[in-house]
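All values reported here derive from a predicted model rather than from experimental measurement. In what follows, residues are counted from 1 in the order of the sequence shown.
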Amino acid sequence: IVFARWDQRTRYAAFNGWWLNVEEKRRQTEMCSKICKRILNRAVRNAWAQWMYCVEQSFGCTLEQVKALRDQNARLRRDNERFVRLVDSGEWGRGR
């Protein structure tokens, strides 16, 4: 009976050691995947920034300038539509 208990203790110790190694390997794999994802995101972000820089250099304007021009264009379109409605309604010559 003493040898049976001793044998079960060694099996438990071996299984517990194996299980701890499995958990450690799982934790390391998860950490490595997070690190790889972070490095990949950084590489994509750097590639995007470099591409934007090249486009800005080739066209001679930045993304902020393009957004400002787009906003100005939208504002001018609204003003133009308002003036067209004013002229078409006939109120241009009446009180102005």
Side-chain angles (χ1 to χ4, degrees):
I1 290 187
V2 173
F3 291 111
R5 288 183 184 164
W6 183 76
D7 188 42
Q8 287 177 359
R9 240 183 292 156
T10 56
R11 284 185 196 162
Y12 172 76
F15 178 75
N16 195 29
W18 174 81
W19 182 251
L20 290 175
N21 285 336
V22 166
E23 288 297 317
E24 180 66 20
K25 179 71 173 173
R26 185 176 295 147
R27 187 184 68 77
Q28 287 177 355
T29 303
E30 185 178 317
M31 283 179 52
C32 286
S33 68
K34 285 181 181 178
I35 290 169
C36 288
K37 201 181 304 183
R38 196 176 315 145
I39 289 171
L40 178 65
N41 286 343
R42 184 180 302 145
V44 169
R45 193 171 50 244
N46 289 341
W48 174 256
Q50 185 63 34
W51 182 81
M52 287 296 294
Y53 175 77
C54 291
V55 167
E56 288 171 357
Q57 292 301 315
S58 66
F59 285 108
C61 63
T62 63
L63 189 60
E64 288 81 19
Q65 290 171 335
V66 170
K67 288 179 182 177
L69 289 172
R70 188 180 303 142
D71 292 342
Q72 183 182 11
N73 190 22
R75 192 171 51 250
L76 290 173
R77 280 185 190 272
R78 283 193 308 269
D79 291 345
N80 189 25
E81 289 172 3
R82 192 170 53 237
F83 288 135
V84 165
R85 274 186 261 123
L86 184 67
V87 169
D88 287 345
S89 68
E91 293 194 22
W92 181 258
R94 288 187 202 156
R96 302 185 186 266

Review point. To the nearest 0.5 Å, how far apart are CD1 in Ile39 and SG in Cys32?
Key: 9.5 Å

Point to revise | With Gln28, the side chain to side chain donor-acceptor pair (under 3.5 Å) member among Glu24, Lys25, Arg26 | key: Glu24

Check your understanding: Does the distance from a Lys or Arg side-chain N to an Asp or Glu carboxylate O, for Asp88 and Arg85, drop under 4.0 Å?
Key -> no

Point to revise | Pairing of Lys67 and Glu64 as salt bridge, 4.0 angstrom limit | key: no

Review point. In Å, rounded to the nearest 0.5 Å, how long is the span from CD of Glu56 to CH2 of Trp51?
Key: 9.5 Å

Exercise for review: Measure the shortest side-chain to side-chain distance between Cys54 and Gln50 over non-hydrogen atoms and say whether it is less than 4.5 angstrom.
Suggested key: yes

**Study point:** Spacing of CG belonging to Asp79 relative to CG belonging to Leu86, to within rounding of 0.5 Å
**Key:** 12.0 Å

Check your understanding: Is any NZ, NE, NH1 or NH2 atom of the basic residue among Arg27 and Glu30 found under 4.0 Å from an Asp or Glu carboxylate oxygen of the other?
Key -> no

Study note, to complete from the structure: Apart from Leu40 itself, members of its ILVMFWY cluster (side-chain separation under 4.5 Å) are Val44

Practice item. Taking the side chain as every heavy atom from C-beta outward, state whether Leu76 and Gln72 have any pair of such atoms under 4.5 Å apart. Key: yes

Check your understanding: Is it the case that one hydrophobic cluster holds both Trp48 and Val55, taking links as side-chain heavy atoms less than 4.5 Å apart, direct or via other members?
Key -> yes

Check your understanding: Are Phe15 and Val22 connected, step by step, through hydrophobic side chains (Ile, Leu, Val, Met, Phe, Trp, Tyr) whose heavy atoms are closer than 4.5 Å?
Key -> yes

